[in-house]
Each structure stands twice: as C-alpha cells, then as structure tokens.
Amino acid sequence: MVNKVKLRERFRSAKQKLPSKKKEPLEYGPIEIRMLSEEEVNREEEKSDHELIEELNGSEGGEEHKFESNKNYFTISVYALVTIMAAAIFVCLIANFGAVKLWLKGLAGILSPFLAAFLIAFILNPLVNWLEINFFQKLLRIQKPKLRVALSIVTTYILLLSIIIIGMIYVIPQITDSIVGVAGDVTVQLNEIYEKRFIYESKLQEYFPEIDLKFIADKIEEMWPTLLSTVTNITKDLVPKVIGMTVSVAKLAINILLSIAISIYMLFDKRKLIKMGTQVVYASLPTARAKIFCARMRECSRIFSGFVSGKALDSLIIGIICFIATSLLDLEYAVLISVIVGITNMIPYFGPFIGAVPGVVLYLCIKPLDAVVFVIMIFILQQFDGWVLGPKILGDSTGLSPLWVIFGITVGGAYGGVIGMFLGVPVVAVAAYLLNQAVSGVLKKKRIDIS
C-alpha cells in the first residue's frame with residue numbers, strides 16, 4: 001500500500017513537470033464555469049499506472065492527434081502564399097521587361113478608344129450635369145431622370161459637333177491658306193536674299209573687311225544645287241507619305257468615332273458605373289475606410305475635371321481675344337496665329353510664350369515690325385489671362401504652388417509631349433492632394449500639429 005502511494009506521488013510529480021497544454025478559448029458563446037464533484041476529483045486521481053506511463057512516454061490519446069483548424073495560422077499561411085506569389089510575379093516581370101513593355105504597349109493600343117472615351121466623357125460630364133439640372137430640370141421641368149440625361153447628352157454632342165463643323169468649314173481652310181501663304185512668302189524671301197547676296201556681301205566686306213567672304217560665297221554656290229536636289233527628292237517622296245498619312249488619318253477617324261460612341265454610353269450609364277465602383281470599394285474595405293476612399297475620389301475628380309474644363313474654356317476665350325486683337329492690329333495670318341495661341345495656352349505659365357514663338361518667327365521673316373507688335377500684344381494678353389481671366393474661371397482649382405506646376409509641366413512634357421505638359425499639372429495636383437491627406441492622417445494619429 002505504501003509502495004503504491006509512493007509510486008502515485010512519483011508519477012504525479014513527473015506529470016507536473018510535463019509541459020502544460022493550453023486550451024484555446026472559445027470564439028463564440030458564453031463562458032461555462034462548473035465545479036467538479038469529489039467523485040470526479042477522485043476519478044481523475046485514480047488513473048491507472050498504464051495511463052500515467054503513457055503520459056510520461058509522451059503518448060497522448062489518439063483523439064488529440066487529430067488535426068484542429070486554426071484561423072490565425074490559416075490567415076498567416078494565406079498572407080505568406082500571396083507574398084511569395086507576388087514576389088515571383090515581380091521577378092518574372094523584371095526578367096522579361098522587354099516583352100512586358102511590348103505587351104503593355106499593344107494593350108494600350110487596343111484599349112486606346114476606351115481611354116479616349118473615358119477622357120471625353122470626363123471632360124464633357126460637367127456640361128452634361130449643368131444642362132440636366134439647370135436647363136431640363138429647372139427650366140423645362142422634365143420629371144423623368146433618364147430623359148433628362150439623354151437630352152443633356154444629345155445637346156452636349158450637338159454643341160460639340162457644331163463646333164467641329166464650324167472649325168472644318170471656316171477655320172481649317174483659313175489655316176491651310178495661311179500655311180500655304182507662309183510657305184510662299186518664305187520662298188520669296190529666300191529667293192530675294194539669294195539674288196541680293198552680292199549686295200549683302202559688299203556691305204559685309206565694307207563693314208567687316210577681315211571676313212573671307214569669297215570662301216563663304218563659294219560654299220553657298222557649291223551647296224545650292226545640293227539644296228535644290230534635296231527639295232526635289234522630298235517632293236518626289238511626298239506622294240507615298242501622303243498615302244501613308246491618309247491611312248493613318250482614316251484609322252484615327254475610326255478610333256475617334258468609336259471613342260465618341262463609347263463615351264456616350266459611359267455618360268448615359270455613369271450612375272451604374274459609379275454604383276458598381278462604390279459597391280466594389282465597400283465590399284473590399286471596412287465601412288469607415290470605404291467612406292474616406294470615396295470622399296477622396298470625389299475630391300480628386302473635382303480637382304482634375306475643374307482644371308481641365310476651366311483651362312479649356314480659358315484657352316478658347318484667349319484664342320478668340322487673340323483673333324480679335326490681331327485683326328484690329330491688321331496682322332497677317334490672324335486665324336493661324338490665334339489657333340496656335342489658344343491651343344498652347346492650355347499649358348500653364350509657359351503656354352502663351354510657347355505659342356508666341358511661331359508667330360514671332362513668322363513675322364520676323366515677313367515684316368519684322370509686326371513681330372514687335374505681336375510680342376507686345378501677347379505680353380498684354382498673357383497678363384490679362386494671368387491676373388484677370390484665369391483666376392475668374394479657374395480660381396484655385398489645383399492648389400499648387402508655381403514650383404509644383406513647373407514640376408508637373410516638366411515631367412509631363414518629358415513623357416507625354418504637349419499633352420503631357422497639359423495633363424501633368426492636374427495629375428500632380430491630385431497626387432499632392434492624396435499625399436497631403438495621407439500625411440495629415442498620420443500626424444493626426446500621432447497628435448502632432450505642424451504649422
């Protein structure tokens with residue numbers, strides 16, 4: 001009896017030295033607390049020597065070897081698997097960068113009508129909304145929303161088509177005539193310079209006797225036939241280039257028509273598209289974060305569309321004012337110069353000066369005095385746009401300092417040309433807004449105020 005008691009105490013002390021097995025808390029339901037009876041306590045202590053020996057040998061019941069699912073471990077495994085797959089995809093993309101670049105370029109070409117349609121719909125959407133609310137709802141009191149939207153879209157595209165037709169009928173022929181006239185004037189000026197070269201040589205020899213004009217004259221005489229043959233070859237190669245350009249223009253026209261058709265569907269179904277996007281956001285993010293995300297996207301849309309629409313209207317007004325001013329000053333090629341100034345005015349800060357360069361060069365070749373008058377006119381026009389018209393239309397739509405505007409123009413121009421110079425500013429404005437909101441949120445959590 002004594003030996004049995006000693007053996008039981010020995011096994012009990014050994015059992016206490018075994019690592020205790022922690023029980024996982026219940027995920028759901030109330031906590032159950034129950035007092036063990038004396039019989040259950042004695043039954044627990046009356047374990048057989050065989051069971052105690054199995055416990056000492058590390059052999060636990062067969063039931064405890066069954067697999068038990070763990071939600072935390074499963075989540076960690078999923079995260080690890082996703083991280084490994086993302087790393088593998090990234091390595092494959094880097095290793096095959098050339099092929100990936102070609103694939104992305106082809107994909108961009110395929111999706112270009114949809115991207116252009118989105119841009120068209122995005123630019124025309126403020127006008128569609130204004131017509132729907134202020135004209136068809138408040139003025140005409142049309143009650144059906146679908147009918148109001150349809151009429152607003154039709155009216156917008158009729159206005160856009162009218163502007164295009166007017167441009168094709170009146171503006172484009174004048175631009176073509178101006179270009180032909182400029183080419184003829186430049187040719188005449190060059191011929192006059194060539195015919196009067198001996199007069200210019202004698203004057204140069206009189207004022208600058210140290211210059212070897214005979215050598216320069218010989219070089220000009222030597223290069224002149226080569227220059228004429230080059231012009232002739234360019235004229236011969238002009239026909240195939242015109243054919244290729246015609247094919248490119250036809251493809252461009254098809255893409256433009258397709259983009260316009262897609263943009264109409266986008267404008268008509270914009271509520272469905274916004275609803276689908278909102279559903280995806282709320283399904284993917286917690287409710288609080290989804291609300292913040294949607295609010296941020298609305299503000300980004302306001303910044304981008306406000307700048308694009310406002311700058312387009314501002315440039316149209318500047319182009320019209322430029323046409324009126326050049327006509328009153330009796331400057332030649334008023335339509336061509338005004339179109340160039342209006343288009344380049346879409347570029348902030350540098351646009352008016354970029355648009356002035358072709359006009360200055362043109363007038364210097366024809367009438368140098370007109371070039372001086374044109375420069376003064378452009379300077380006054382730029383001041384009017386910068387101090388009066390621009391703030392009235394745009395306000396502070398971007399909220400960017402001049403430094404960031406110049407940064408957007410530089411980077412956008414490097415990667416996207418003239419269009420990149422224009423779109424670089426609203427893109428940088430949107431990026432600056434998102435970065436500012438993210439930094440402000442982090443500082444707010446840290447309870448830091450920097451002023």
Side-chain angles (χ1 to χ4, degrees), residues 24-29 69-94 100 103-104 107-108 110-111 114-126 128-129 132 145 149 262-263 265-309 396-400 404 408 411 423-450:
E24 294 292 334
L26 293 174
E27 293 289 339
Y28 306 102
S69 62
N70 189 305
K71 187 176 180 181
N72 294 330
Y73 291 158
F74 178 76
T75 304
I76 294 172
S77 301
V78 171
Y79 284 162
L81 181 62
V82 170
T83 303
I84 293 171
M85 291 178 63
I89 293 173
F90 180 75
V91 171
C92 291
L93 292 177
I94 295 299
V100 172
W103 181 80
L104 290 175
L107 181 63
I110 295 171
L111 297 179
F114 292 90
L115 297 176
F118 176 78
L119 186 60
I120 293 172
F122 193 81
I123 294 173
L124 297 180
N125 185 55
V128 173
N129 292 337
E132 179 191 355
V149 172
I262 296 173
S263 66
Y265 284 107
M266 285 184 176
L267 286 171
F268 191 76
D269 294 334
K270 63 182 178 181
R271 190 179 183 280
K272 292 181 180 179
L273 296 174
I274 295 173
K275 181 181 177 182
M276 290 172 58
T278 306
Q279 288 175 342
V280 171
V281 171
Y282 272 83
S284 305
L285 299 176
T287 304
R289 291 184 178 274
K291 288 181 180 179
I292 295 174
F293 181 83
C294 292
R296 298 286 184 268
M297 290 301 102
R298 282 194 296 270
E299 184 64 18
C300 291
S301 175
R302 185 196 66 79
I303 293 173
F304 197 94
S305 63
F307 177 82
V308 172
S309 304
D396 193 16
S397 59
T398 60
L400 291 178
W404 288 111
V411 176
L423 295 179
V425 177
V427 169
V428 171
V430 169
Y433 166 75
L434 294 176
L435 181 61
N436 181 51
Q437 294 297 318
V439 172
S440 300
V442 173
L443 292 178
K444 188 176 180 180
K445 289 181 180 179
K446 293 183 177 182
R447 297 181 179 178
I448 298 175
D449 183 21
I450 298 176

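- Rounded to the nearest 0.5 Å, atoms CD1 (Ile262) and CG (Leu115) are 9.5 Å apart.
- Contact annotation: the side chain of Leu81 approaches that of Met85 to within less than 4.5 Å [non-hydrogen atoms, C-beta and beyond].
- For residues 285-301, the pairs satisfying side chain to side chain donor-acceptor pair (under 3.5 Å) are Arg296-Gln437, Glu299-Arg302, with sequence neighbours left out.
- Atoms CG and CG, from Leu267 and Asn129 in turn, are 8.5 Å apart once rounded to the nearest 0.5 Å.
- Residues passing the ring pair (Phe, Tyr, Trp, His ring centres under 6.0 Å) test with Phe118, sequence neighbours excluded: Phe122.
- Closest approach of Leu285 to Ala290, counting heavy atoms only: CB-N, 4.2 Å.
- Within the model, atoms CD1 of Ile303 and CG of Leu434 stand 8.0 Å from one another, a figure rounded to the nearest 0.5 Å.
- In terms of heavy-atom proximity, Pro145 sits nearest to Glu132 at O-OE2, 4.5 Å.
- Tyr265 OH to Leu273 CG: the interatomic distance, rounded to the nearest 0.5 Å, is 13.5 Å.
- Note that the CZ atom of Phe293 and the OG atom of Ser284 stand 9.5 Å from one another [nearest 0.5 Å].
- From Phe304, atom CZ reaches atom CD1 of Ile123 across 7.5 Å, with rounding to the nearest 0.5 Å.
- Of all heavy-atom pairs between Val149 and Phe268, the closest is CG1-CD1, 4.1 Å.
- Taking the side chain as every heavy atom from C-beta outward, Met297 and Val430 never approach each other to under 4.5 Å.
- Looking at heavy atoms from C-beta onward, Leu124 lies out of side-chain contact with Ser263 at the 4.5 angstrom threshold.
- Between Thr278 and Cys294, the closest heavy-atom pair is CG2-SG, 4.3 Å.
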